[in-house]
Amino acid sequence: ETSPLGYKPMLWAYGFLLLAVLMKIQFVYLLCLAPLYLLLRYFLLEKDGTKQLFRSRFFFSMALSSGIALLLWVFWFKSHSAVLDTVLHAQVSKRFLPLEQLNAVGILIELMHNGRVIFFNAWHISIYSALFFVAVLYGAWLIKSHQVPRSFAILYTLLLSWLLLEGHKLFMLHVPVRYLLSLYFAMGCMIALVFQALAALQTSALQQKIILSPIALLVCMQLFHIGLSIQHRTYATKALNTYVERAKIKDAFVLGQWAPALTWQAKVKTLPYIDGLTERLK
C-alpha cells in the first residue's frame with residue numbers, strides 16, 4: 001500500500017510518533033492529531049466511498065492511539081506517578097504568576113515581555129516569526145476566499161489548535177529555550193503549509209520558486225545558526241564527566257538534578273535530588 005491512508009504507512013507513522021513521545025513525553029498529545037484529522041475529513045467529504053475509507057482509518061488510528069496511551073500508562077506513568085507529580089510540582093508550580101498577583105496591567109506587561117523574548121530575541125528568530133504571522137493571516141484569507149481545498153482548512157485548523165495549546169508559554173515567568181522547541185516546530189509547519197499552498201496556486205515554475213524562496217531562506221538561516229552553535233559550544237558537560245571519572249568517587253553519591261548527565265562516563269551512584277522529593281517518597 002503506497003497511499004498515506006494505507007495500513008502499513010500508518011503503522012510506520014505511529015512507530016516514529018511513539019519514538020518521538022518516548023524521547024520527550026511532552027509530545028504525547030500528538031497521539032490525538034491523526035484521529036482528529038481523519039474525523040474531520042470524514043465529516044467534510046461528500047463521496048460515500050471515500051467517506052467509508054476515512055471512517056475505517058479513523059477507527060484504526062483510534063485503536064493505535066489508545067494502545068500506545070495504554071502502554072505508556074501501564075509501563076511508565078503508573079510506576080513513576082509519585083516521582084512525576086513531585087517533579088511537576090517543583091518545576092511548574094512557580095512558573096506562573098500567583099493568582100493573588102494577577103491583574104490586567106501585569107498580564108499585559110508579561111505578555112509583551114514574553115512575546116519579545118520568544119518571537120524577537122534574535123534577528124533570525126525575528127524573520128522566522130514574521131513569516132509565521134504572515135502565514136497565519138494569509139492562510140485564513142485563503143480559506144475565506146475558497147482558493148484552497150478542504151484538506152488545507154483541516155490542516156490549518158489542527159496547526160492553529162496546536163499553536164493555541166503552546167500559547168500557555170506566553171504566561172510563564174521564565175521559559176527555557178528547550179521548552180520552545182515544540183512551539184517553533186508548530187510555527188514552521190504553519191509556514192510550510194501556507195507557502196506550499198500559495199506555490200500550488202501559481203501556474204509557472206518561476207512563480208512557484210519565488211513563493212517558496214522564504215522556505216529556502218529559513219533553511220539557510222538554520223544551517224548558519226547550527227554552525228555558530230557548534231563553534232560556540234563549550235563542552236562543559238564532557239569536561240565534568242571526565243573530571244568525575246578521574247576523581248574515583250567509588251561508593252559515594254553524586255547529588256543534583258544534573259547528576260546523571262554529568263557522570264555518564266563514571267560508574268558512580270547518582271541521586272537527581274529535587275527539594276522535597278525524598279520526604280514525599282518515604
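In this chain, residues are counted from 1 in sequence order. Since this is a predicted model, take the numbers as computed values, not measurements.
Every ring pair (Phe, Tyr, Trp, His ring centres under 6.0 Å) that Phe185 has, sequence neighbours left out, goes to Trp162. The ring pair (Phe, Tyr, Trp, His ring centres under 6.0 Å) check on Trp264 picks up nothing, with sequence neighbours excluded.
Follow the hydrophobic side-chain contacts under 4.5 Å out from Phe120 and you reach Trp123 in the same cluster. Hydrophobic clustering, with ILVMFWY side chains joined whenever heavy atoms are under 4.5 angstrom apart, keeps Val117 apart from Leu180. Clustering ILVMFWY residues whenever any of their side-chain heavy atoms sit less than 4.5 angstrom apart, transitively, puts Ile211 in the very cluster that holds Trp141. Note: the hydrophobic cluster containing Leu17 also contains Phe59 (ILVMFWY, side chain heavy atoms under 4.5 Å, direct or indirect links). In terms of hydrophobic clustering, with Ile, Leu, Val, Met, Phe, Trp and Tyr side chains grouped at heavy-atom distances under 4.5 Å, Leu137 and Leu158 are assigned to different clusters.
Here Leu39 contributes atom CG and Met62 contributes atom CE; the two are 9.0 Å apart, rounded to the nearest 0.5 Å. Of the inter-residue distances, the one linking Leu164 atom CG with Leu159 atom CG reads 11.0 Å to the nearest 0.5 angstrom. In this structure, the separation between CD on Gln147 and CZ on Phe152 is 10.5 Å, given to the nearest 0.5 Å. In this structure, the separation between CG on Leu31 and CG on Leu18 is 8.0 Å, given to the nearest 0.5 Å. Here Tyr156 contributes atom OH and Met190 contributes atom CE; the two are 5.0 Å apart, rounded to the nearest 0.5 Å. Distance CG/Leu212 to CD/Gln202: 9.5 Å, rounded to 0.5 Å.
Within the 4.5 Å cutoff, the side chain of His124 has no heavy atoms near those of the Ser129 side chain. You'll find the side chain of Val254 stays beyond 4.5 Å of the side chain of Leu262, heavy atoms only. Inter-residue side-chain proximity for Leu155 and Arg150 is flagged as unmet; no heavy-atom pair is nearer than 4.5 Å. For the pair Tyr235/Thr242, no side-chain contact is recorded, criterion being any heavy-atom separation below 4.5 Å from C-beta on. In this structure, the side chains of Ile118 and Leu183 come closer than 4.5 Å at one or more pairs of heavy atoms.
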Criterion side-chain contact (heavy atoms from CB on, under 4.5 Å) on Leu111 and Arg116, from CA distance to verdict: CA-CA 8 Å; Leu111 283 174; Arg116 181 181 59 82; over 6 Å; no
Apply side-chain contact (heavy atoms from CB on, under 4.5 Å) to Ser182 and Lys169, showing your working. CA-CA 11 Å; Ser182 53; Lys169 294 171 183 176; 3.0 Å; yes
Apply side-chain contact (heavy atoms from CB on, under 4.5 Å) to residues Leu163 and Met187 and explain how you reach the verdict. CA-CA 7 Å; Leu163 288 161; Met187 290 169 60; 3.9 Å; yes
Using side-chain contact (heavy atoms from CB on, under 4.5 Å), reason through Leu72 and Phe77 one step at a time and then give a plain yes or no. CA-CA 6 Å; Leu72 289 172; Phe77 180 77; over 6 Å; no
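Connectivity analysis of hydrophobic side chains (ILVMFWY, heavy atoms under 4.5 Å, direct or indirect) links Phe16 to Trp12, Leu19.
More than 12 non-hydrogen atoms from other residues, nucleotides or ligands lie less than 6.0 angstrom from CE of Met221. Tyr243 OH: 12 or fewer foreign heavy atoms inside a 6.0 Å radius.
Of all the heavy atoms in Ala192 and Ile215, the pair that sits closest is CA-CD1, 4.2 Å. Smallest separation of non-hydrogen atoms from Leu198 and Leu142: CD2-CD1, 4.0 Å. Across every non-hydrogen atom of Pro214 and Phe195, the tightest pair is CG-CE2, 3.6 Å. Between Asn241 and Ala261, the closest heavy-atom pair is ND2-O, 2.9 Å. Residues Ser61 and Tyr14 approach most closely at O-OH, 3.3 Å, considering heavy atoms. In terms of heavy-atom proximity, Val194 sits nearest to Ala135 at CG2-O, 3.3 Å.
Taking the six-membered ring wherever Trp is involved, the centroid distance between the rings of Phe119 and Phe133 falls below 6.0 Å.
For Gln207 and Ser204, the side-chain atoms include at least one donor-acceptor pair closer than 3.5 Å.
Checking each of Ile68, Leu22, Val21 against Val28 for a side chain to side chain contact (heavy atoms under 4.5 Å, CB included) leaves exactly one that passes, namely Val21.
Side-chain atoms of Tyr128 come within 3.5 Å of backbone N or O of Gly188 as a donor-acceptor pair. Distance alone, capped at 3.5 Å, places no donor-acceptor pair between the Ser66 side chain and the Ala63 backbone.
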